[in-house]
Amino acid sequence: MTTLFVAGVGCWAPGLEGWATARAVLRGQTPYASRAVAVPAPERLPANERRRATISVRLAFRVAEDALAGTDLAADALATVFASSDGDTPIVDRVCRALCDRLPSVSPTDFHNSVHNAAAGYWSIATGARGPSVSLSSGDSSFASGLLEAMGIAIVEDRDCLLVAFDVSPPPPLRGPCRIGEPAAVSLLLTQRRRPGSLASLRISMVSPELETPMRDAALETLRRTTPPARALPLLAMLACEAAGSVRLQGAGGRTVALEIGTF
């Protein structure tokens with residue numbers, strides 16, 4: 001497959017709040033310590049939309065803004081892929097509870113936020129982006145599936161693409177079917193050509209079932225295995241360490257996504 005380039009990275013998870021913090025942890029410069037930190041409100045959203053933004057939208061925006069920071073790429077010119085295993089489960093729970101009331105009454109704001117492409121809609125409002133946009137779900141392989149989609153769009157549509165993968169912790173009634181631990185989000189800004197400040201080159205292929213690449217740190221490995229966006233951690237570790245090599249991620253249908261990372 002055609003080689004693409006990573007122009008920016010975003011990350012937000014307990015103990016990995018922002019790419020600068022995550023990079024130091026993944027390099028081994030700072031010990032990993034999980035902690036709960038509130039996700040800031042999106043900077044790009046107008047005030048009315050900012051008030052309506054849910055935790056999942058905040059996560060998506062935080063890592064998207066993180067990936068764009070320090071680049072000269074215009075957000076409105078990018079194609080986008082938003083990948084989430086289960087979407088906004090707290091909103092789903094509230095809507096279902098409201099429908100079970102004796103006098104059902106669903107909040108208009110909750111209804112507005114209940115669709116799977118809510119984050120993509122907020123992003124288009126905030127940035128004025130009118131390019132191709134895909135919102136998808138693929139269980140634990142949502143990040144890898146989103147990456148395949150983003151690379152395909154970048155190549156076929158001939159434009160740079162922002163991938164955002166995010167998931168939130170489900171409320172108690174949904175914790176059985178929705179196996180998500182900590183809220184987390186990861187983003188990659190993929191470009192067709194190497195740009196000043198590009199972090200690495202990236203090639204991708206699907207291979208027969210192989211073991212995923214684990215994290216050496218036990219706590220980070222637990223995060224990786226229990227939160228779909230964190231399946232990207234082995235790739236992020238390679239990018240943080242500026243190391244060339246290969247990474248295997250869980251793909252859909254029992255196959256593995258093989259990534260070849262090149263450095264400059």
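Just so it is clear, the structure is predicted and the values come from calculations on it, not from any experiment. What you see below is based on every heavy atom in this structure, not just the backbone, and it leaves out hydrogens, waters and symmetry mates.
Linking Ile, Leu, Val, Met, Phe, Trp and Tyr whenever their side-chain heavy atoms come within less than 4.5 Å puts Ile261 and Ile155 in one cluster. Val63 and Leu233 are assigned to two separate hydrophobic clusters, defined by single-linkage of ILVMFWY side chains at heavy-atom distances under 4.5 Å. No single ILVMFWY cluster, assembled from side-chain heavy atoms under 4.5 Å apart, contains both Phe5 and Leu236. Cluster membership for Leu73 and Leu239, using ILVMFWY side-chain heavy atoms within less than 4.5 angstrom, is not shared. Placement of Val9 and Val164 in two distinct hydrophobic clusters is found when ILVMFWY residues are connected by side-chain heavy-atom separations under 4.5 Å, directly or transitively.
Listed by chain and number, the residues in a ring pair (Phe, Tyr, Trp, His ring centres under 6.0 Å) with His116 amount to none (sequence neighbours excluded). The salt bridge (charged side-chain N to carboxylate O under 4.0 Å, His left out) test applied to Asp93 returns Arg97, not counting sequence neighbours. Every residue two or more places apart in sequence or in another chain that forms a side chain to side chain contact (heavy atoms under 4.5 Å, CB included) with Ala258 is listed here: Ser205, Val207, Arg248. By the salt bridge (charged side-chain N to carboxylate O under 4.0 Å, His left out) test, Glu242 is found to be paired with Arg27, residues two or more places apart in sequence or in another chain being considered. Listed by chain and residue number, nothing satisfies the salt bridge (charged side-chain N to carboxylate O under 4.0 Å, His left out) test with Arg159 (two or more places apart in sequence, or in another chain). The salt bridge (charged side-chain N to carboxylate O under 4.0 Å, His left out) test applied to Arg94 returns Asp110, not counting sequence neighbours. Listed by chain and number, the residues in a side-chain hydrogen bond (donor to acceptor under 3.5 Å, both in side chains) with Ser84 are Asp167 (sequence neighbours excluded).
The distance from atom CZ of Phe82 to atom OG of Ser187, rounded to the nearest 0.5 Å, is 9.5 Å. Atoms CG and CG, on Leu26 and Leu220 in that order, are 6.5 Å from each other to the nearest 0.5 Å. Rounding to the nearest 0.5 angstrom, the gap separating the OG1 atom in Thr80 from the CG atom in Leu189 is 11.5 Å. Interatomic distance, CG of Leu249 versus CG of Asp140, reported as 12.5 Å (0.5 Å rounding). To the nearest 0.5 angstrom, Asp160 atom CG is 12.0 Å from Ile153 atom CD1. Residue Leu163 holds its CG atom at 12.0 Å from CG of Leu78, rounded to the nearest 0.5 Å.
Looking at every heavy atom in both residues, Asp66 comes nearest to Gly10 through OD2-CA, 3.5 Å. Between Thr3 and Ser201, the closest heavy-atom pair is CG2-CB, 3.7 Å. What you find for Ser145 and Ala252 is that their closest heavy atoms are OG-CB, 4.1 Å. Of all heavy-atom pairs between Pro183 and Ser169, the closest is CD-OG, 3.2 Å. Shortest non-hydrogen contact noted between Thr21 and Gly15 is CG2-O, 4.0 Å. The two residues Cys161 and Val81 come nearest to each other via the heavy atoms SG-CG2, 4.0 Å.
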For side-chain contact (heavy atoms from CB on, under 4.5 Å), just list the numbers for Arg195 and Asp72, CA-CA rounded to whole Å, side-chain angles, deciding distance to a tenth of an Å, and then say yes or no.
-> CA-CA 10 Å; Arg195 304 178 61 87; Asp72 59 356; 2.5 Å; yes

Verdict with reasoning, Leu202 to Leu235, per side-chain contact (heavy atoms from CB on, under 4.5 Å) | CA-CA 10 Å; Leu202 200 61; Leu235 170 59; 4.2 Å; yes

Take Val95 and Val92, measure what side-chain contact (heavy atoms from CB on, under 4.5 Å) needs, and give me the verdict at the end.
-> CA-CA 5 Å; Val95 170; Val92 172; 5.9 Å; no

After noting the C-alpha distance and the side-chain angles of Leu136 and Glu149, does the key distance pass the side-chain contact (heavy atoms from CB on, under 4.5 Å) rule?
-> CA-CA 9 Å; Leu136 60 82; Glu149 184 71 21; 3.9 Å; yes

Please tabulate, for side-chain N and O atoms in residues 33-44, each donor-acceptor pair with protein atoms closer than 3.5 Å (sequence neighbours left out).
{"from": "Arg35", "atom 1": "NH1", "to": "Ala33", "atom 2": "O", "distance (Å)": "3.1"}
{"from": "Arg35", "atom 1": "NH2", "to": "Glu17", "atom 2": "OE1", "distance (Å)": "2.9"}

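Pairs engaging residues 84-115 under the ring-ring contact (aromatic ring centres under 6.0 Å, His included) rule: His112-Tyr122 [sequence neighbours left out]. Residue pairs meeting the ring-ring contact (aromatic ring centres under 6.0 Å, His included) criterion with at least one member in residues 186-227: none, sequence neighbours excluded. Within the structure, ring-ring contact (aromatic ring centres under 6.0 Å, His included) pairs that include any residue of residues 11-68 comprise Phe61-Trp123 (at least two apart or interchain). Applying the side-chain hydrogen bond (donor to acceptor under 3.5 Å, both in side chains) definition to pairs two or more places apart or across chains, none involves residues 251-263.
A donor-acceptor pair shorter than 3.5 Å can be found between the side chains of Asp88 and Ser56.
Proximity of a side-chain donor or acceptor of Thr227 to a complementary backbone N or O of Ile180 within less than 3.5 Å is not detected. With hydrogens and angles ignored, the 3.5 Å screen pairs no side-chain donor or acceptor of Gln250 with any backbone N or O of Ala144.
In the displayed structure, Arg225 atom CZ is contacted under 6.0 Å by at most 12 heavy atoms of other residues, nucleotides or ligands. Atom CG of Leu99 sits in a crowded spot, with more than 12 heavy atoms from other residues, nucleotides or ligands closer than 6.0 Å.
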